[in-house]
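To start, the structure itself, in structure tokens.
Computation of the quantities below employed the complete heavy-atom set of this structure, encompassing side-chain atoms and omitting hydrogens, waters and symmetry-equivalent molecules. Because the structure is a prediction, the values reported are computed rather than measured.
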Amino acid sequence: MWALVNNSNNITNVYGEFPSKITINNRNYDKAELNAMSDSDKLALKIYPVTAAAQLDNNYYISNDPTYAVSGDKVVETITKSADRKLADEDAKDEEGNQLLNPDGSKTINYGLKTNAKNKATTQANGLLKDFDWLIQRKVTADTAIPSAVVTYMAAIRTDHGNICTAIDGASDMAAFIALHSDTVDGDGNVTAVATVNDWPAVPDALA
């Protein structure tokens, strides 16, 4: 990323990549020419490298537009947080504050991160349980016993689903919610505890 700086040391443009043409001091420079230049040649034209800011996690935060400032012979990008994304559900309203309605007349809801996370957990649990639907159908239609290892494993899935949803509901703020999605790692980067929302029972050896 590069920034064009004028003689007053103000940033006039920031480029993720160079456009087909840039006019500097009444001379046109095409993209190939600019890409072929050394960093020192770019600096002579007051084209400064940009030190990119760390991106905020879009899953949890809304970012302000980046800002840029000249710092010596480079430009530094800064990205700040506009707001946390909503943890709780909210009524959906139009620009005038009127409640939006679904076609059936019920309220339209903007679902928060907690509801979305619980819905995801439910989808994951159902996906794990679905593998054993055929055993349940066989039990119903032919009264063939479901193996005890399967019964135990399915019960563990339901228990973990309940624990995950309870933990999500109990997250008091964004930091607590993010913690539920974060693995615990040791000093070497090894995972010592799986994130709460991913803490499903291991498949028993008998079923693997």
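- Side chain of Q99 to main chain of T108: a donor-acceptor pair is present (N/O by atom type, distance under 3.5 Å, no hydrogens or angles).
- Note that the CG atom of N163 and the OG1 atom of T196 stand 9.5 Å from one another [nearest 0.5 Å].
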Side chain to side chain contact (heavy atoms under 4.5 Å, CB included) between V70 and V5, worked out: CA-CA 8 Å; V70 177; V5 179; 4.1 Å; yes
N/O donor-acceptor pairs under 3.5 Å from side chains in residues 143-159, not counting sequence neighbours:
unit_1	atom_1	unit_2	atom_2	d
D143	OD1	K139	NZ	2.8
T152	OG1	S148	O	3.0
T159	OG1	A155	O	3.0

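- Within the structure, the salt bridge (charged side-chain N to carboxylate O under 4.0 Å, His left out) test picks out no pair touching residues 175-197 (sequence neighbours left out).
- A donor-acceptor pair shorter than 3.5 Å cannot be found between the side chains of N10 and S8.
- In this structure, W200 and H161 have parallel ring planes: the angle between them is below the 30° cut-off, well short of the 60° mark.
- For residues 169-181, the salt bridge (charged side-chain N to carboxylate O under 4.0 Å, His left out) pairs, not counting sequence neighbours, are K118-D169.
- Here K107 pairs with D91 under the side-chain hydrogen bond (donor to acceptor under 3.5 Å, both in side chains) rule; sequence neighbours left out.
- Residues passing the side-chain contact (heavy atoms from CB on, under 4.5 Å) test with D30 are A32, E33, sequence neighbours excluded.
- Scored by the side-chain hydrogen bond (donor to acceptor under 3.5 Å, both in side chains) test, T115 finds D89 as partners (sequence neighbours excluded).
- Scanning for salt bridge (Lys or Arg N to Asp or Glu O under 4.0 Å) contacts around K120 gives an empty result, with sequence neighbours left out.
- Residue pairs meeting the salt bridge (charged side-chain N to carboxylate O under 4.0 Å, His left out) criterion with at least one partner in residues 51-80, sequence neighbours excluded, do not occur; the list is empty.
- Scanning for salt bridge (Lys or Arg N to Asp or Glu O under 4.0 Å) contacts around D41 gives an empty result, with sequence neighbours left out.
- Note that CZ of F18 and CE of M37 are 8.0 Å apart. Values are rounded to the nearest 0.5 Å.
- In this structure, the side-chain contact (heavy atoms from CB on, under 4.5 Å) partners of N64, at least two apart in sequence or on a different chain, are T80, S82.
- For the salt bridge (Lys or Arg N to Asp or Glu O under 4.0 Å) test, no residue two or more places apart in sequence or in another chain qualifies with K21.
- In this structure, I164 CD1 and N198 CG are separated by 7.5 Å, a value rounded to the nearest 0.5 Å.
- Taking CG of L113 as the start and OH of Y60 as the end, the distance is 8.0 Å to the nearest 0.5 Å.
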Residue pair K31, E17: steps toward the side chain to side chain contact (heavy atoms under 4.5 Å, CB included) verdict: CA-CA 9 Å; K31 182 175 183 177; E17 60 178 46; 3.1 Å; yes
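- T184 contributes atom OG1, which lies 12.5 Å from atom CG of N190 (distance to the nearest 0.5 angstrom).
- For D131, the side-chain hydrogen bond (donor to acceptor under 3.5 Å, both in side chains) criterion is met by no residue, not counting sequence neighbours.
- Under 3.5 Å, the side chains of R85 and N58 contain a donor-acceptor pair of N or O atoms.
- Taking CH2 of W134 as the start and OG1 of T141 as the end, the distance is 11.0 Å to the nearest 0.5 Å.
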